[in-house]
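This report refers to the structure that appears directly beneath it.
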Amino acid sequence: MVCCNVMISSLAQQGRLDDARAVFDRLPANDRDVVSWTALFHAYAVNDRLEEAAFVFFRDMPDKNLVSWNAMAAAYARAGHTAEARAILDQMPGHNVVSLTLMFHIAVQGGRLEQARSLFDDMTLGKDLVAWNAMIGAYAQNGQATEALLLYRDMHVQGMDPDDVTMSSILAAYSRLGRVEAGREHFVSMPVDHGIKPVEEHYACMVDVLGRAGELVAAEELLATFPFHPS
RNA sequence: AUACGUUA
């Protein structure tokens, strides 16, 4: 049964919604647990079939847990249906750090960065890496690149290790600030200081740093050094 | 690797 649930979600990721549904249907009713149901409606949601996801969630699922509530709220939030997302978050029996990150995300979507910051600051119980990344990314993309860098420092001070997502936001912040040298320094120190090898996305960010500063030749040179790896 | 939140 566990393996069927895995199949449902991985088929959904590949966009093979019908196959995911078939695996679910083949599962005996007694073997369908809350994870199977959540994987099923999430499959609809990530394939832009929000209505059907909602039907499964509200009408078909026998039981819900924190993860399924979060997943439904996230589906609405992703689709830009913030009112529905909010409603789910208000109705659900409890919240965890994922729910709070969703609320955070809705606030950012609405341009309420101060409110988002308050939500972030109040996450005292379990401010995890995703939450940090969300806050740093929100600043980096909303004209507060300096705040993003300050928060990155805080993150360090609090002993939270950054990941590849963090790095993209930091490079984006340097880009917006036009800080070419700092950006370059960060880019080369990523693998040494944090064990994070730059991937395509980081190269793209770095090209942006150089491009915005008008260093087009350097940008081209960087692209030429990009180590291709087929997948 | 059983389902949820973060980065053009």
Side-chain angles (χ1 to χ4, degrees), chain A residues 1-13 20 23-24 27 31-46 53 56-57 61 63-79 82 85-86 88-89 92-109 113 116-117 119-120 123 126-142 145 148-149 151-152 155 160-176 186 190 196 198-209 211-212:
Chain A
M1 161 178 101
V2 168
C3 68
C4 290
N5 293 340
V6 173
M7 282 197 65
I8 293 169
S9 56
S10 75
L11 287 168
Q13 274 186 332
V23 171
F24 179 87
L27 204 53
D31 289 348
R32 295 172 185 162
D33 61 9
V34 65
V35 176
S36 325
W37 285 102
T38 304
L40 178 67
F41 83 72
H42 184 248
Y44 282 114
V46 297
V56 173
F57 180 77
M61 277 180 83
D63 295 299
K64 303 172 187 14
N65 65 8
L66 184 57
V67 171
S68 44
W69 283 99
N70 281 336
M72 195 63 230
Y76 278 127
R78 260 196 310 273
T82 51
R86 273 242 60 96
I88 297 272
L89 288 162
M92 58 193 284
H95 293 147
N96 64 2
V97 65
V98 174
S99 328
L100 294 174
T101 307
L102 284 165
M103 294 179 192
F104 171 94
H105 190 245
I106 291 169
V108 173
Q109 276 185 328
L113 228 48
R117 179 58 191 252
L119 286 165
F120 176 78
M123 287 183 201
K127 208 182 283 175
D128 65 7
L129 178 58
V130 172
W132 280 96
N133 283 345
M135 189 73 250
I136 291 172
Y139 280 137
Q141 289 170 348
N142 289 280
L149 295 175
L151 208 59
Y152 179 59
M155 184 179 178
M160 178 70 65
D161 288 327
D163 69 356
D164 52 321
V165 174
T166 323
M167 295 307 159
S168 296
S169 293
I170 295 307
L171 290 171
Y174 284 129
S175 172
R176 299 200 64 121
H186 187 80
M190 280 168 48
I196 299 167
V199 294
E200 190 168 359
E201 187 178 306
H202 301 114
Y203 275 79
C205 292
M206 196 57 219
V207 166
D208 196 55
V209 169
R212 278 199 204 208

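Values below: every heavy atom of this structure, side chains too, minus hydrogens, waters and symmetry copies.
- A:R86 places its CZ atom 14 Å from the C1' atom of B:G5, with the value rounded to the nearest Å.
- Smallest separation of non-hydrogen atoms from A:C205 and A:S168: SG-O, 3.8 Å.
- When distances run from any side-chain atom of A:S168 to the nucleotides B:U7, B:A3, B:G5, the shortest one goes to B:U7.
- The nearest whole Å value for the distance from the CD1 atom in A:I106 to the P atom in B:U6 is 11 Å.
- You'll find the ring centres of A:W132 and A:Y152 outside the 6.0 Å limit.
- In this structure, A:M167 places its CE atom 17 Å from P of B:U7, rounding to the nearest Å.
- No contact: A:C3 has no heavy atom under 4.0 Å from any strand.
- Once rounded to the nearest 0.5 Å, the distance linking CE of A:M123 with CG of A:N96 reads 10.0 Å.
- Candidate nucleotides B:G5, B:U6, B:U2 were compared by shortest atom distance to the side chain of A:S9, and B:U2 ranks first.
- For the pair A:M135 CE and B:G5 P, the computed distance is 19 Å after rounding to whole Å.
- With B:U6, B:A1, B:A3 as the choices, the nucleotide that has an atom nearest any side-chain atom of A:V67 turns out to be B:A3.
- For the pair A:R78 and B:G5, the criterion of a side-chain N or O lying under 4.0 Å from OP1 or OP2 is met.
- Side chain A:N65 to base B:A3: a donor-acceptor pair is found below 3.5 Å.
- Between A:A43 and A:A12 the shortest heavy-atom distance is CB-CB, 3.4 Å.
- Taking atom CE on A:M155 and atom C1' on B:U7, their separation rounds to 12 Å, with Å as the unit.
- Atom-to-atom, CD of A:E200 to C1' of B:U7 comes out at 14 Å; the value is rounded to the nearest Å.
- Between B:C4, B:U6, B:U7, one nucleotide has an atom nearer to the side chain of A:T101 than all others, and that is B:U6.
- Counting atom types as modelled, A:N96 pairs no side-chain N or O with a base atom of B:G5 as donor and acceptor under 3.5 Å.
- At the heavy-atom level, A:D128 lies under 4.0 Å from base atoms of the strands shown.
- Rounding to whole angstrom units, CG of residue A:L66 and P of B:C4 are separated by 13 Å.
- Counting heavy atoms from C-beta on, the side chains of A:W69 and A:S99 never come closer than 4.5 Å.
- Rounding to whole angstrom units, CG of residue A:N5 and P of B:A1 are separated by 16 Å.
- Nearest to the side chain of A:V98, among B:G5, B:U7, B:U2, sits B:G5.
- With B:C4, B:U6, B:U2 as the candidates, the nucleotide lying closest to the side chain of A:V165 is B:U6.
- Note on A:A73: nothing from the nucleic acid sits closer than 4.0 angstrom, heavy atoms only.
- For A:E201, taking side-chain heavy atoms from C-beta onward, the closest of the listed nucleotides B:C4, B:A3, B:U7 is B:U7.
- Among the nucleotides B:G5, B:U7, B:A3, the one closest to the side chain of A:V130 is B:G5.
- A side chain to side chain donor-acceptor pair (under 3.5 Å) with A:N133 is found for exactly one of A:D164, A:D128, A:D163, namely A:D163.
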